[in-house]
Amino acid sequence: MEILQKTIERKGLEYYSTHLELINPFLPVRLTPMEIRVLGAFMSLEGPIAERDRFDSRLRKEVRVELGLSAGGLGNYLKALKDKKAIQEDVVGDLFIQTFLFPEKEKQFYQFKLINK
């Protein structure tokens, strides 16, 4: 059997968005393309603020500007992501992204098997 392979190189938001697009069919509830972009933007954030609180108001503004969203639009996408359980609230009410959604930092491998029965 021939194994089909493809290497895709992406950086930052595009790396995380591509990852989410690849795993989306396996999620319990599929994400829309814009939900993928919003979640990918928050996943790609780096620095001390992002390590402490990825959904800090300063970072939310950064994501809004990058994606061209209004505050209300971003709020609607975050609510949809909470409803789909991609992001959740901890005991003190801070939002966090489900850990199983994060790819490895440098590179992520995927394996699919298709069987014809």
Side-chain angles (χ1 to χ4, degrees):
M1 169 190 352
E2 182 181 344
I3 296 177
L4 303 173
Q5 296 181 18
K6 179 164 178 92
T7 299
I8 303 170
E9 293 184 16
R10 300 283 190 269
K11 184 177 179 179
L13 168 59
E14 296 306 320
Y15 176 75
Y16 291 97
S17 294
T18 301
H19 165 72
L20 291 169
E21 289 170 4
L22 289 169
I23 68 167
N24 198 27
F26 304 105
L27 299 177
V29 180
R30 288 193 179 190
L31 304 177
T32 67
M34 196 58 189
E35 289 168 350
I36 286 172
R37 296 288 293 170
V38 169
L39 188 58
F42 280 103
M43 292 169 84
S44 69
L45 294 170
E46 296 179 346
I49 297 172
E51 289 175 21
R52 208 173 45 255
D53 180 8
R54 194 168 294 277
F55 295 93
D56 178 86
S57 61
R58 291 167 286 189
L59 298 178
R60 285 184 190 218
K61 182 177 181 181
E62 188 177 310
V63 168
R64 278 192 311 104
V65 169
E66 182 173 2
L67 299 179
L69 295 170
S70 66
L74 179 60
N76 289 339
Y77 285 115
L78 292 177
K79 182 182 180 329
L81 289 166
K82 284 197 301 192
D83 291 345
K84 294 180 178 184
K85 306 224 183 312
I87 59 176
Q88 292 189 319
E89 290 185 23
D90 62 15
V91 292
V92 294
D94 291 335
L95 295 176
F96 68 93
I97 299 170
Q98 294 284 10
T99 54
F100 72 88
L101 292 173
F102 280 95
E104 295 294 323
K105 279 268 190 216
E106 299 299 318
K107 59 185 166 186
Q108 178 67 53
F109 294 95
Y110 306 90
Q111 183 172 346
F112 304 98
K113 186 186 290 187
L114 175 64
I115 299 174
N116 184 8
K117 282 196 166 189

Spatial distance of atom [atom1] ([X]) from atom [atom2] ([Y]) [nearest 0.5 Å]:
| X | Y | atom1 | atom2 | value |
| --- | --- | --- | --- | --- |
| Q98 | K85 | CD | NZ | 9.0 Å |
| Q108 | T18 | CD | OG1 | 12.5 Å |
| L39 | L20 | CG | CG | 5.0 Å |
| E46 | R54 | CD | CZ | 9.0 Å |
| L81 | L95 | CG | CG | 10.0 Å |
| I87 | F42 | CD1 | CZ | 7.5 Å |

Would you check if the distance from the ring center of F26 to the ring center of F100 is below 6.0 Å?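 For F26 and F100, the ring centres are not under 6.0 Å apart.
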SB check K61 E66 (cutoff 4.0 Å):
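Judged by the 4.0 Å cut-off on N to carboxylate O distance, K61 and E66 do not form a salt bridge.
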*Nearest atoms (heavy-atom pairs only) where S70 meets G73*: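 Of all heavy-atom pairs spanning S70 and G73, the closest is OG-N, 3.0 Å.
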> Which heavy-atom pair separates L78 from F55 by the least distance, and what is that distance?
Replying inline: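 Taking every non-hydrogen atom into account, CD2-CE2, 3.8 Å.
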Exercise. Could you pull out all residues at least two apart from Y16 that satisfy ring pair (Phe, Tyr, Trp, His ring centres under 6.0 Å)?
Key: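 Ring pair (Phe, Tyr, Trp, His ring centres under 6.0 Å) list for Y16, sorted by chain: empty.
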Between [Y] and [X], is there a side-chain heavy-atom distance shorter than 4.5 Å?
| X | Y | result |
| --- | --- | --- |
| S17 | R10 | no |
| P25 | R30 | yes |
| I49 | R52 | yes |
| V38 | L69 | yes |

Please answer: with hydrophobic residues joined when any side-chain heavy atoms are less than 4.5 Å apart, are [X] and [Y] in the same cluster?
| X | Y | result |
| --- | --- | --- |
| L59 | F96 | no |
| L13 | I8 | no |
| Y110 | L31 | yes |

Do K84 and L27 pass the side chain to side chain contact (heavy atoms under 4.5 Å, CB included) test, and can you show the C-alpha distance, the side-chain angles, and the key distance before you say yes or no? CA-CA 9 Å; K84 294 180 178 184; L27 299 177; over 6 Å; no
Assess whether side chain to side chain contact (heavy atoms under 4.5 Å, CB included) is satisfied between V29 and D83, documenting all intermediate values.
CA-CA 10 Å; V29 180; D83 291 345; over 6 Å; no
Exercise for review: Examine distances only and state if a side-chain atom of R64 and a backbone atom of L74 form a donor-acceptor pair shorter than 3.5 Å.
Suggested key: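 Side chain of R64 to backbone of L74, a donor-acceptor pair under 3.5 Å: no, none is there.
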Side chain H19, main chain L101, donor-acceptor under 3.5 Å
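Answer holds: yes.
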Show every salt bridge (charged side-chain N to carboxylate O under 4.0 Å, His left out) that has at least one partner inside residues 91-115, sequence neighbours left out.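 Found none.
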